[in-house]
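Read the structure below first, then the notes.
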Amino acid sequence: MNKATLPIVARLRSLQAAIRFAAGGARVIAEADDRNPLAQLLRAANETMLGRSLQFDSAGGPSLTLDVSGRRVLRVTAAPGLAGAESCLGAEVLEDEHKDDLIKLMQAVATPRYELRVTSGPIGRGGEEVSVGLPVALLADLVLIDLNDLAADDSAEEEEAVPAPAPERPSAAAPGAGLAGLAEAIGLGLQAWLIVGGPDDDRSNGAEEMVSHLQGFLDDEREAVDRQLDLLSPEPGAPVCVMLGATLIEGHSILVARLGGGLLLGIVEGECTGAALAAWRDVLT
Amino acid sequence: MSESLGAVAKAFPQARLVAFADLSSRMILSSAGSLATTQEHLDRLCDQARASFDDPLFSLSVEAFGEPQGAVVMGADAVRVFLRSDTEPADALCCICDHGIDLAAFVAKIRDTLESITHAG
């Protein structure tokens, strides 16, 4: 397929997709079993050309309202139930310095296992000027989401069509949902990470200096880390994910995960326990 | 102490076991929650808490951000949370939770509980 046609085909497919409306005119964009509700949130924003206010409501409670225009997020106008929204709420127009905070808000409202709804309304303030704000495509790049990923949609549909196999050992995770999938699902909070062994061997992300440091540590201590994880597992070599931090809910933490013969080691910044746990559950199912 | 642990278990029903341990003597001193446990289970939980704060990950943590006081161990069927006191590192809470727990809120709660127990003792 011609690469230039991908956004068009993706849009056509989304128009063909079954839509479920909820009370109040909200549209359900991610069901509770959706593997990546954040992608659905970003796609909804990316499909918004004319200035609109998009209110995203999670069945888990939190809500995030964005002014969106021209595939750009102009501002955050409400964020009930979401911590850390002050800087974005205080910005007349979102700028580059807000992108990390905005992504955290999006991740917090688009959490797996909760239905996500969107309600569209008139934009709160001027949206005619569309050269400002944060491009949705930039936000998607930062969380490693391809807005036009047709292959992901195909695989999801195939999974729905095929009866679920009998539960196997947790390490038999679906392709793509292994340690690299875990890292991607945790998102920006995982500042730097590296995988050694297993199907995702040698994959990494983050500042080169930090990744290099993690690599050096594992070069020396891989076996010792495995022995330590064995003490925390029901049996040697079993899947396990550990976060170790000064407080776990602020500052930095270390994340180490073992799955399918591979080992992921990363540095986490800020409160990431919920995202890590949700991502871990996903790779185990 | 029992009341404090019971209050945590009541506030977070997904916390199936909340136990106070003395890591230096490898003993669980008190516990609350719906999970039926044997002494072997409690001993193993205490050993896992000690292992969490051991090398090599302990050294990496110290190098990266300082001495770790909290650990979350995510397994296939449960999450274990270990928290050491800032002032008395041998004092720790060892918890077994369901995967659906709000970890951030839970960690904040048990942090306060642990410090109140430590200071009361």
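Just so you know, these numbers come straight off a predicted model, no measurement behind them.
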Distance-only donor-acceptor hits, side chain of residues 3-12 of chain B, under 3.5 Å, sequence neighbours excluded:
none

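- If you measure heavy-atom distances from B:Ala105 to chain A, you find no contacts under 4.5 Å at all.
- Of the listed residues (A:Ala83, A:Gly245, A:Ala224, A:Gly251), the greatest number of heavy-atom pairs within a distance under 4.5 Å of chain B belongs to A:Gly245.
- No donor-acceptor pair closer than 3.5 Å links the side chain of A:Ser233 to the backbone N or O of A:Pro236.
- Chain B forms the most heavy-atom pairs under 4.5 Å with one residue out of A:Cys272, A:Ser253, A:Ala278, A:Gly274, and that residue is A:Ser253.
- The contact between A:Leu248 and chain B is made entirely by side chain atoms (from C-beta outward), counting heavy-atom distances below 4.5 Å.
- Checking side-chain atoms of A:Asp230 against main-chain N and O of A:Gly237 turns up a donor-acceptor pair under 3.5 Å.
- The residues A:Asp100 and A:Lys104 are annotated as not salt-bridged, no charged nitrogen and carboxylate oxygen being separated by less than 4.0 angstrom.
- When heavy atoms are compared at a cutoff of 4.5 Å, B:Asp102 does not approach chain A at all.
- Within the 4.5 angstrom heavy-atom criterion, atoms from both the backbone and the side chain of A:Ala276 approach chain B.
- In terms of heavy-atom pairs under 4.5 Å with chain A, the best-connected choice from B:Val79, B:Leu83, B:Asp55, B:Val81 is B:Asp55.
- Atom NE2 of A:His252 sits in a crowded spot, with more than 12 heavy atoms from other residues, nucleotides or ligands closer than 6.0 Å.
- Contact count versus chain A (heavy atoms, under 4.5 Å) is highest, among B:Val107, B:Ile101, B:Asp54, B:Leu57, for B:Leu57.
- Identified under the salt bridge (Lys or Arg N to Asp or Glu O under 4.0 Å) test for residues 18-43 of chain B, with sequence neighbours left out: B:Arg26-B:Asp47.
- With a 4.5 angstrom heavy-atom cutoff, A:Leu255 does not touch chain B via any of its atoms.
- Looking at A:Gln228, its side chain does come within 3.5 Å of a backbone N or O of B:Ala51 through a donor-acceptor pair.
- The contact between B:Val73 and chain A is made by backbone and side chain atoms together, counting heavy-atom distances below 4.5 Å.
- Classification of A:Glu184 and A:Arg203 as a salt-bridged pair holds, one side-chain N sitting under 4.0 Å from a carboxylate O.
- Chain A forms more heavy-atom pairs under 4.5 Å with one residue of B:Arg50, B:Glu67, B:His99 than with any other, namely B:His99.
- Per-residue heavy-atom pair counts under 4.5 Å with chain A were compared for B:Ala64, B:Ser52, B:Ala49, and the maximum is reached by B:Ser52.
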Criterion side chain to side chain donor-acceptor pair (under 3.5 Å) on A:Asp219 and A:Gln215, from CA distance to verdict: CA-CA 6 Å; A:Asp219 287 346; A:Gln215 178 72 67; 2.9 Å; yes

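- The contact between A:Ile249 and chain B is made entirely by side chain atoms (from C-beta outward), counting heavy-atom distances below 4.5 Å.
- Looking at B:Arg44, only its side chain comes within 4.5 Å of chain A, counting heavy atoms on both sides.
- Options A:Asp220, A:Leu229, A:Leu231 differ in how many heavy-atom pairs under 4.5 Å they form with chain B, and the most are formed by A:Leu231.
- Counting heavy-atom pairs closer than 4.5 Å to chain B, the top-ranked of the candidates A:Thr273, A:Val242, A:Leu244 is A:Leu244.
- Side-chain contact between B:Met74 and B:Val72 is present, with at least one heavy-atom pair separated by less than 4.5 Å.
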